Amino acid sequence: MAKYFIYPTDGRETSASVASGTFSGGSNDFATGSQVTNPERLVDGNLGAAANFTSSSAVVRTDKGIGSIDVIDSIAFYSTAADSDGFKFYTNSASDSATASFQWEATAVTAGWNVNAALTADNSERYWYMYAYEGAVSTVTQVIFGTKLNLTNVELSGTEGKIHGNKILTSQGGVEYSNKRHDGKKFWNFNLKFVSSSYKTSLETMRTALYGPHDKFLYYDDSAYYYVRMSDDSLRFKEVAYGVYDTSIKLTEQLS
């Protein structure tokens with residue numbers, strides 16, 4: 001089974017700088033403008049509100065910082081609805097051009113997560129351009145320029161389930177009342193056994209990038225993508241042999 005995470009590279013998505021603009025002519029020279037309204041919604045860590053790409057020339061430029069160069073190998077964006085108009089993604093070291101830096105074409109937008117986890121990391125640069133090249137799209141609420149990390153060394157005794165969000169109250173007469181506070185959220189608890197020192201480093205890199213439980217990321221369970229947050233006690237390591245570790249990770253689905 002192929003289970004993996006995609007987490008935002010070079011720190012939080014909310015620390016990224018975004019700018020609205022357009023590409024001119026066939027050269028993909030970027031000029032700032034108002035072609036995308038509310039572009040900051042793409043990196044606010046929330047699936048509730050969308051940016052609006054108002055035309056076929058609309059572009060959002062995201063500055064992921066110098067630390068993202070040659071590291072990003074995945075792009076994921078979330079849409080509240082399907083759209084036949086798609087996006088192209090570019091990366092470049094220049095803040096005003098995406099020439100000759102094509103990374104991915106999403107020919108159409110599907111409802112939910114749209115993901116490419118097979119980019120070549122050493123082709124990435126600091127600035128990322130999300131280009132609505134076919135027409136207006138107003139349904140995208142989040143984009144992740146990130147790193148893929150496979151989930152391995154999982155012990156089969158891990159657990160998963162669902163938190164239903166019900167608060168049960170009992171009246172003085174013994175009658176029970178249920179207050180539903182939120183929709184159901186899935187959870188996963190994984191025990192990772194005999195982790196090598198190199199995989200430990202990869203897990204610690206992800207933990208640092210997410211500030212532990214602070215930021216959300218993607219978990220793919222071999223069938224679907226889930227927006228999740230890890231618990232504060234995740235990825236605490238116990239050395240069980242020289243250079244070999246046991247740890248655990250606890251994930252909870254995020255509704256927005």
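Source: prediction; values computed, not measured.
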Which value, rounded to the nearest 0.5 Å, describes the distance between [X] atom [atom1] and [Y] atom [atom2]?
X	Y	atom1	atom2	result
K216	L47	NZ	CG	6.5 Å
F89	L119	CZ	CG	9.5 Å
K148	M206	NZ	CE	14.0 Å
F237	S248	CZ	OG	9.0 Å
Q172	T170	CD	OG1	12.0 Å

Between [X] (side chain only) and [Y] (backbone N and O only), is there a donor and an acceptor less than 3.5 Å apart?
X	Y	answer
S20	G33	yes
S79	A81	yes
N114	T110	yes
R61	S95	yes
N28	S97	no
D246	F194	yes
T9	I72	no
Q142	G45	yes
R229	P213	yes
E40	D44	no

Min side-chain heavy-atom separation [X]-[Y] under 4.5 Å:
X	Y	result
P8	L210	yes
K185	L255	yes
L192	V154	yes
V228	T252	no

Please name the pair of heavy atoms, one in [X] and one in [Y], separated by the smallest distance, quoted to 0.1 Å.
X	Y	value
A94	Y129	O-OH, 2.7 Å
L151	Y199	CA-OH, 3.5 Å
N123	D70	N-OD1, 4.3 Å
P39	V60	CB-CG2, 4.0 Å

Relative to each other, are the rings of [X] and [Y] parallel, tilted or perpendicular (30° and 60° limits)?
X	Y	answer
Y90	F102	perpendicular
F5	Y219	tilted
W113	Y78	perpendicular
Y220	Y225	tilted

- Query: Out of Y131, Y133, F53, which residue meets the ring-ring contact (aromatic ring centres under 6.0 Å, His included) rule with F87?
  - Reply: F53
- Salt-bridge criterion met for D222 and K3 (N-O under 4.0 Å): no
Residues [X] and [Y]: side-chain donor-acceptor under 3.5 angstrom:
X	Y	result
T91	S124	no
T54	N52	no
T205	T208	no

- State which residues pass side chain to side chain donor-acceptor pair (under 3.5 Å) with S223; sequence neighbours excluded, sorted by chain then number. D221
- Task: Check side chain to side chain donor-acceptor pair (under 3.5 Å) between N46 and all other residues, then give those that pass, not counting sequence neighbours.
- Result: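 Here the qualifying residues are S256.
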- Item | Where at least one partner belongs to residues 124-134, residue pairs that pass salt bridge (Lys or Arg N to Asp or Glu O under 4.0 Å), sequence neighbours excluded |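 Counting only pairs at least two positions apart or across chains, the salt bridge (Lys or Arg N to Asp or Glu O under 4.0 Å) contacts touching residues 124-134 are D63-R126.
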